[in-house]
Each structure stands twice: as structure tokens, then as C-alpha cells.
> 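Quick one: the structure is below, and I'll ask about it shortly.
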Amino acid sequence: MAKKVIIDTDPGIDDSVALALAVNSPELEIMGVTTLFGNSTAENTFRNARYVLAKFGASRIPVFPGAAAPLIRRPEIAAETHGESGLGYLVPEELFGEGAGSVPQQAGAARFAPLAILDLLAKSDEKVTILALGPQTNLALALAYDRELMRSKVAEIVLMGGSAGAPGNTTPVSEFNFWADPEAAQAVLQSGIPIRMVGLDVTRSIVFHNSLVEKLRTSGSEKAGFLAELMRFYVGFHREYERLDGCIVNDPLAVALAIDGRFGMAQPMYVEVCCTDGLTRGQSICDRFGFLKKEPNAGVYLSVDAATVIEFTLERAVGRVVSPEDIARGLELAKIPYKHG
Ligand code: BDR
Ligand code: CA
């Protein structure tokens, strides 16, 4: 039987790949997609989610707009990583323009995301899994509104965020989703709901080398071409900031692991999020060796089979347009630091 899921997301280039994977996965029954600020403004991510779902033939899935700002901080979006629109070089005019495909209006889908999450939980007979691919603000608000419902009806939260030991991507030690709203991430981690944390320790290995992006672009598949166009921007960012001739595609890994946890290895541990300002804002403190003597509150992924995950993601999202050899070659080439000029 398919697993009932709600996808909370901020598309976002890698979120878009994650959505493409999720809608093509029969193991998941997607009850709704909720959006929020993060990679772009809340307005843009709401539009982008509907656009991407329509592109992948899933406009039947309701999308609910959520938090425009963190719980207690000013919103800061990641335009240098995901582009002004949140979808790389694509601009809103192109998204809505003639020939670009229309974004369907959805009757009754304007409910604020945290409340929509509670509605979906209340009406479900079974427990629901939440796939959290952006800052945790919507989930923290849902917890604040009705903690009991969240605790009784959420089977688990599989979240992309944090890092046990890998370098940060927003400060030297902080991952973006936790950094964007540390108080929300901390509230979710302390909620008592089972959590699997898919952080930079494992997502940093999901590298789409530029050679692979080129294969997608020239594959003749319209959907692969669309994802390649998004990733063109992402590669530019990673060349500049990470000396990587490719891009790290974080979010689909959380979806893949929700479908099949055997793609990686997780270790239970106690995790908390640093809610100060400065360089450690949003840092996840993962007590790997149990120094704090606290009950583990998350299963933290520490290793993953990257080649298999990339193959699985692409095959589901756009079909078999690249070979396992293309993927393996890309992962090898990605070890060579990118040199400018
Ligand atoms: C996370 O932040 C965003 O840039 C990505 O969409 C991903 O969810 C990676 O740190
Ligand atoms: Ca995201």
C-alpha cells in the first residue's frame, strides 16, 4: 500500500527534482504539497510548486501556500543559489508566458499551509509521513497550533537539513534549511515525532556533474531538458562557491530515502539546533557518541549509495535517459576541483 505523504517544500532547483521524483513514485500517495519561503519568496515557491507539478503531469495535487518568514527572524532567501525566481534562469514571465504551460488555479487550495497540514492529518485514517524539504517553519507552526494532532497522526518526518559533520553550505558549519529558521528546526526536532535527518553528510554526495547535466540537456526528453535548464544555474553557483563542476542535488535524497531507507545508513542520535546569531546560527549539534546522555531524537543518515540514488531519481523523474556509466563517470569527475578561467 502506498505511503501517505505531505511534501513541505521551497522550490527551489533541487526541490523541483524532488517533486519530479515523488510524483512518479507509486510508493507514495501525495496528499498535498505545502510551500514556504526559503530558496525564494513564499509567493514564488507557491507558484513554482504548481508550475513544476503541472510540468510533470501532477496538477491534481493540491498546493497550499505557507510561511513567508521564519518564526522570529527576518526572511533571507537564497537567490544566489536558486535564482531570483527560485527556478534558476527561468523568470516568472517565462513561467507564465505563452507556450510555457499554464499554472492551473486550484479551487479551495488557498488555506494557509500549517492549517492545511492539520486538515490533511485530521481527515486521514492512517498516519502520514511528512517530507520536509525546506525550512521547518510550516511544521513548527502546525505544532504550535495542534501539537497533539501532529504527534498522533504524523508517522515520521523525513527532513532534508542539518549536518552531523560535513561542512555547512550557508556558514562554515550551518546547513541552509536549519539556518533559515533555527527556532523552527529546533521545535521540530524536540517535538517527539520520529525524525529521519537527511543532512549534508549524505546529500553532499549526490552530485550531478556538469557532464551529466549536459547529457540530460541533449537527451531529447523535454522533462530532462527542463531539469537540466534549472541545473544550469545551480552548476554556476557551485562552480563559484564550492569549486565543483556540477551541482549538489540535496532534496531528492530525502524523497528516495522515504521510499526506501536502504539507500543509506542512519544512526540514532540526539540532535539540537543552535539558535544563536553569528556563524553557528542553525548549526546542528549531533551527539554521535552520546556525550549528553539524552534519548536520541533523530535517525541521522551518515552514508548513502550515491550512484544508485542518482540513477533511481533520474529514472523515476524523467525516464532512462542517462546510463549508469554516465553517472559513475560524473561522480569521478566531480572529485576534480573546478578551476575558473
Ligand atoms: C537545502 O537548502 C536549499 O538550498 C535546498 O533546496 C535544500 O533543501 C540544502 O541545504
Ligand atoms: Ca529545499
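Positions are given from 1, in the same order as the sequence printed here. Quick caveat: nothing in here was measured; it's all calculated off a predicted structure. For ligands, and for the atoms within them, numbers begin at 1 and follow the listed sequence.
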> Any side-chain heavy atom of Ser284 within less than 4.5 Å of one from Met197?
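Yes; the side chains approach each other to less than 4.5 Å.
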> Ion pair present between Arg329 and Glu332, side-chain N to carboxylate O less than 4.0 angstrom?
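Salt bridge flag = no for Glu332 with Arg329.
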> Just to check, does Asn39 reach to within less than 4.0 Å of ligand 1 when the distance is taken from its heavy atoms?
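Asn39: in contact with ligand 1 (<4.0 Å).
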> Between Leu333 and Asp245, is any pair of side-chain heavy atoms under 4.5 Å apart?
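With C-beta onward as the side chain, the pair stays apart.
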> Closer than 4.0 angstrom, basic N to acidic O: yes or no for Lys55 and Glu222?
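Yes, Lys55 and Glu222 are salt-bridged.
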> For a salt bridge (charged side-chain N to carboxylate O under 4.0 Å, His left out) check, start with the C-alpha distance between Arg73 and Asp277, then their side-chain angles and the critical distance, and finish with the verdict.
CA-CA 10 Å; Arg73 295 170 187 263; Asp277 289 325; 2.7 Å; yes
> Name the orientation class of the two ring planes belonging to His82 and Tyr234 (parallel below 30°, tilted from 30 to 60°, perpendicular beyond 60°).
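If you compare the ring of His82 with that of Tyr234, the planes turn out tilted.
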> Mind checking how many protein N/O/S atoms fall short of 3.0 Å from the Ca ion (ligand 2)?
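Near the Ca ion (ligand 2), the number of protein N, O or S atoms below 3.0 Å is 5.
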> Among all residues two or more places apart in sequence or in another chain, which pass the ring-ring contact (aromatic ring centres under 6.0 Å, His included) test with Tyr145?
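Tyr145: no ring-ring contact (aromatic ring centres under 6.0 Å, His included) contacts found.
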> Once you restrict to heavy atoms under 4.0 Å, what part of Asp15 touches ligand 1? Side chain, backbone, both or neither.
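Within the 4.0 Å criterion, Asp15 contacts ligand 1 through side-chain atoms alone.
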> In the protein, what heavy atom is nearest to atom 10 (O) of ligand 1, and what distance, to one decimal place, separates them?
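For this ligand atom, the closest protein heavy atom is Glu175 OE2, 2.4 Å.
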> Please could you name the atoms of ligand 1 that Asn177 approaches to less than 4.0 Å, counting only its heavy atoms?
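Under 4.0 Å from Asn177, ligand 1 has these atoms: 1 (C), 2 (O), 7 (C), 8 (O).
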> For residues Thr34 and Asp8, is any side-chain donor paired with an opposing acceptor at under 3.5 Å?
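Judged by distance alone, the side chains do pair up.
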> Against heavy atoms of Asp251, which atoms of ligand 1 measure under 4.0 Å?
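Close to Asp251: 5 (C), 6 (O), 7 (C), 8 (O).
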> Applying a heavy-atom cut-off of 4.0 Å, say which part of Leu133 lies close to ligand 1: side chain, backbone, both or neither.
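Backbone only.
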> Does a side-chain heavy-atom distance below 4.5 Å link Met150 with Leu118?
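Contact flag for Met150/Leu118 side chains = yes.
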